[in-house]
Amino acid sequence: MDVFETFRFLLALALTPLVIVIGRKIEMKRAYLPFLVGYVAIVVSFAASAPRGWPDGSQLLRFVGHASFVVGGLGMAWAALVVRQYALESNGTDK
Amino acid sequence: MSAPWSVLEDVLPVLAYTLALVAVLRVPARPSGPVSSGAKWFFAASIFCYLVGTGASIFKHLEVFPDVLEPVVSSFELLWIPFVLFGVYSLYLRQQYNETQASARALVQTGELMEDILETTPAGIIVLSDAGHITFANKEARGLLDLDEAAATSTLHSLDFVVRYGDNGTHQDFSELVGREPLEGQRVVVEWPSGWRRELKVNTAPFLAEDGSVAGAVASFVATN
């Protein structure tokens with residue numbers, strides 16, 4: 001196991017309940033799901049990165065790690081677009 | 001044998017996080033809006049941390065990344081976690097702040113509405129302390145009781161008229177109107193030293209202190225002659 005990657009995964013995992021609880025209290029319901037998808041996907045990518053050095057035979061793990069990393073980025077982008085829409089609507093414009 | 005470098009591995013994450021960063025940077029952060037500038041920049045910083053990581057990975061594959069920067073990139077990637085948490089918490093704090101501000105505005109508007117109602121009603125309205133002293137009088141009450149406008153907004157301990165309740169003699173205050181039970185249609189006569197008198201028809205509603213004792217009363221009245 002890679003110590004840094006494992007620590008990063010455990011830190012993200014430990015803070016996940018906090019992020020979920022606070023995130024649910026924010027009244028931007030349409031942004032919550034994409035944000036959660038992005039966050040969980042990134043935590044999954046951390047978990048997949050924890051085994052040291054991508055040993056031979058771990059191609060599936062490697063794929064899961066990178067695919068979830070991409071999904072994490074897209075989830076964050078989706079959430080940011082929804083939050084932007086909320087912000088524009090609250091300011092009385094949809095431009 | 002190391003696995004081959006794939007497009008999925010680094011280029012797609014760069015594109016995804018670049019898209020996320022652009023989307024975050026385009027979120028308008030205004031003083032009274034739902035997104036604070038703190039939340040916006042925490043989210044932007046968190047995404048930037050990952051752009052640094054994925055960018056460094058591409059440079060590594062191109063063999064142009066100096067090893068000395070490796071710990072720096074790892075630190076950047078680790079910062080994503082607190083930055084995301086701070087961003088979410090900042091959003092939540094802004095929501096709480098906006099709700100507090102909205103409540104305060106609603107309270108002020110309600111207060112102004114009540115003040116307008118009090119000042120425009122054709123009946124005199126006074127607020128009495130538990131001792132029967134006037135602590136507030138509206139415009140009509142000030143006219144009917146000939147109260148000074150400035151004095152009427154502060155506690156009046158002595159009046160320049162006496163108050164009669166039926167045959168109970170004279171009083172220097174309205175203490176007879178303050179009780180646990182509300183009054184309806186109570187006849188009260190106020191008399192000035194000059195001999196001028198005014199008869200009032202009074203309704204009252206007591207209000208209680210936290211310990212349950214009578215803290216005062218609101219009295220509304222009209223002149224009957």
(message) For the backbone of Val35(B) and the side chain of Lys40(B), can you confirm whether one donor and one acceptor N or O come within less than 3.5 Å of each other?
(response) no
(message) Could you check whether any side-chain N or O of Asp173(B) sits under 3.5 Å from a backbone N or O of Gly132(B), counting only pairs where one atom can act as donor and the other as acceptor?
(response) no
(request) Pull out the residues in residues 84-102 of chain B that come under 4.5 Å of chain A, heavy atom to heavy atom, sorted by number. (result) Val84(B), Leu85(B), Val88(B), Tyr89(B), Leu91(B), Tyr92(B), Gln95(B), Glu99(B)
Looking only at heavy atoms and a cut-off of under 4.5 Å, which of [options] has the most pairs with chain B?
options                      : answer
Ile26(A), Leu18(A), Val43(A) : Ile26(A)
Trp78(A), Phe7(A), Phe46(A)  : Phe46(A)
Ala77(A), Gly75(A), Ala79(A) : Ala77(A)
Val71(A), Val83(A), Ile42(A) : Ile42(A)

(request) With a 4.5 angstrom heavy-atom cut-off, could you sort out which part of Phe4(A) is near chain B: side chain, backbone, both or neither? (result) side chain
(message) Holding to salt bridge (Lys or Arg N to Asp or Glu O under 4.0 Å), I want the full list of residues that pass it with Glu70(B), two or more places apart in sequence or in another chain.
(response) Lys60(B)
(request) Compute the ring centroids of Phe83(B) and Phe48(B), then answer whether they are less than 6.0 Å apart. (result) no
(request) Apply side chain to side chain donor-acceptor pair (under 3.5 Å) to Glu140(B) and list each qualifying residue two or more places apart in sequence or on a separate chain. (result) none
(message) Quick check for you: to the nearest 0.5 Å, what is the distance between Leu79(B) atom CG and Ser75(B) atom OG?
(response) 7.0 Å
N/O donor to acceptor pairs below 3.5 angstrom from side-chain atoms of residues 203-212 of chain B, sequence neighbours left out:
residue: Asn203(B); atom: OD1; partner: Gly185(B); partner atom: N; Å: 2.7
residue: Thr204(B); atom: OG1; partner: Leu183(B); partner atom: N; Å: 2.9
residue: Asp211(B); atom: OD1; partner: Ser213(B); partner atom: N; Å: 3.0
residue: Asp211(B); atom: OD1; partner: Ser213(B); partner atom: OG; Å: 2.7

(request) Classify the ring geometry between Tyr17(B) and Phe69(A) as parallel (under 30°), tilted (30 to 60°) or perpendicular (over 60°). (result) tilted
(message) Less than 4.0 angstrom from a charged side-chain N to a carboxylate O is my criterion; do Arg142(B) and Glu119(B) meet it?
(response) yes
(request) Below 4.5 Å from any heavy atom of chain A, which atoms of Ser46(B) appear? Answer side chain, backbone, both or neither. (result) neither
